Every structure is written in C-alpha cells, then in structure tokens.
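Data first, discussion second: the structure below is written as structure tokens.
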Amino acid sequence: MAEPLHPAATHHLPAFVTAPGETDVLFVVMAIFVLLAVIGIGIFYFKLHALPEQMAHRGQKVQMEIVAVLALLALFTHNHAFWIAGLLLALLPMPDFMTPLVSIARSLDRMAGGAEPPAPAPVKAAVPEAPPPGTAPPTEPREV
C-alpha cells in the first residue's frame, strides 16, 4: 500500500528522489563517478609530473639524474620552478665536456715530454667455467 504524500510535498517528485528505505541509485552512481575521477586525475597528475624524467632517459645518465632530482623536489615542495627547470633540462642535450678535456690533457702531457699513457685494456668478467656434463661438482668436506 502506497503511503499518501505529505500535504506540503509537491505532487510531481523528480525521478532521483527515492522512497524511504530504498537504495539511492543516484548517490551510488555519483560516488563511483567521483572515486574514478579522483583516481584518474591522480594518475594524470603523476604521469604529467614524470614527463621530464621520461624525456631525459634518452640523454646522458647525469642529465637523467639531475632531472629526476628536480622532479622529486617539485613533487615534494610544490614549487613549479623545479619542474619547469627539469623539463627544460630534459629537452636540451647536454654537451660532452669530457672528450675535449681528455684530449687537452693528453696533448699537454705530450708537450711536457711524458710518455703516452697506454690505452686501458678491456675488462673481462671472471666467469667460472661449468664442469662438463655428467661430472659431479667437487664437494668440500664439512667440519662437524
């Protein structure tokens, strides 16, 4: 049996008004929408915030580390100048300073009459050889 409306209530209630004791569908839908919107905006914010660091991966390691530090500083201090500096640093290629400096040092050493330093030998990793198949590895006696 349907309860009669209160005399002060309008006779044409909107569709989103629910009867007492029923589930408010609009509230549930809006709660899910707001939750998904907050998660989506958070993901977008962190993706945008990591953009300079992702761009710096194509550059040198030092450049990537500096950009990563600037991005973290911007994240924790909410100072956008750090983020902009990291973005600009990620966009600009860093010049190679070491090659000319090494060349200058070698030239000065030759001019001073020093011997040419030998080129460094390639380093091989010491990998233990595997025993031939069918042989058991040597075992050492354990002390009890």
Side-chain angles (χ1 to χ4, degrees), residues 2 5-6 8-144:
L5 289 175
H6 190 273
T10 61
H11 295 287
H12 302 288
L13 293 176
F16 59 83
V17 176
T18 59
E22 292 185 13
T23 303
D24 191 357
V25 177
L26 182 64
F27 175 74
V28 172
V29 169
M30 286 292 106
I32 291 171
F33 174 76
V34 167
L35 181 68
L36 292 176
V38 167
I39 290 172
I41 290 171
I43 290 172
F44 175 73
Y45 175 75
F46 285 123
K47 288 277 188 186
L48 182 67
H49 200 76
L51 181 67
E53 196 173 346
Q54 291 171 356
M55 291 171 63
H57 274 280
R58 63 176 162 72
Q60 299 172 357
K61 183 180 180 201
V62 174
Q63 180 183 13
M64 185 191 70
E65 289 175 356
I66 293 171
V67 169
V69 168
L70 287 172
L72 282 175
L73 281 173
L75 180 67
F76 292 131
T77 61
H78 301 290
N79 191 345
H80 301 298
F82 291 127
W83 188 84
I84 293 170
L87 184 64
L88 291 176
L89 185 62
L91 288 172
L92 300 175
M94 287 186 68
D96 182 20
F97 291 113
M98 288 307 295
T99 303
L101 290 177
V102 168
S103 176
I104 291 171
R106 284 187 182 154
S107 298
L108 287 175
D109 194 33
R110 268 188 268 139
M111 287 172 49
E116 182 76 23
V123 179
K124 292 186 178 181
V127 178
E129 294 184 22
T135 60
T139 58
E140 296 179 19
R142 286 202 250 165
E143 294 182 24
V144 182

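Computed from a predicted structure; not experimentally measured.
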Item to check | Distance (rounded to the nearest 0.5 Å) between Leu72 CG and Thr77 OG1 | outcome: 10.0 Å
Checklist entry - Looking at residues at least two apart in the chain, or sitting in another chain, which of them share a salt bridge (Lys or Arg N to Asp or Glu O under 4.0 Å) with Lys61? => result Glu65
Checklist entry - Met55 and Leu91: which non-hydrogen atoms are nearest, and at how many Å? => result CE-CD2, 2.8 Å
Item to check | Residues in side chain to side chain donor-acceptor pair (under 3.5 Å) contact with Thr99, at least two apart in sequence or another chain | outcome: Asp96
Item to check | Atom OH of Tyr45 with >12 non-hydrogen neighbours under 6.0 angstrom | outcome: yes
Review item, side-chain donor-acceptor pairs of residues 79-90, under 3.5 Å, at least two apart:
{"unit_1": "Asn79", "atom_1": "OD1", "unit_2": "Ala81", "atom_2": "N", "d": "3.2"}
{"unit_1": "Trp83", "atom_1": "NE1", "unit_2": "His49", "atom_2": "O", "d": "3.3"}

Acceptor/donor pairs from residues 14-37 side chains to any protein atom, 3.5 angstrom cut, sequence neighbours excluded:
none

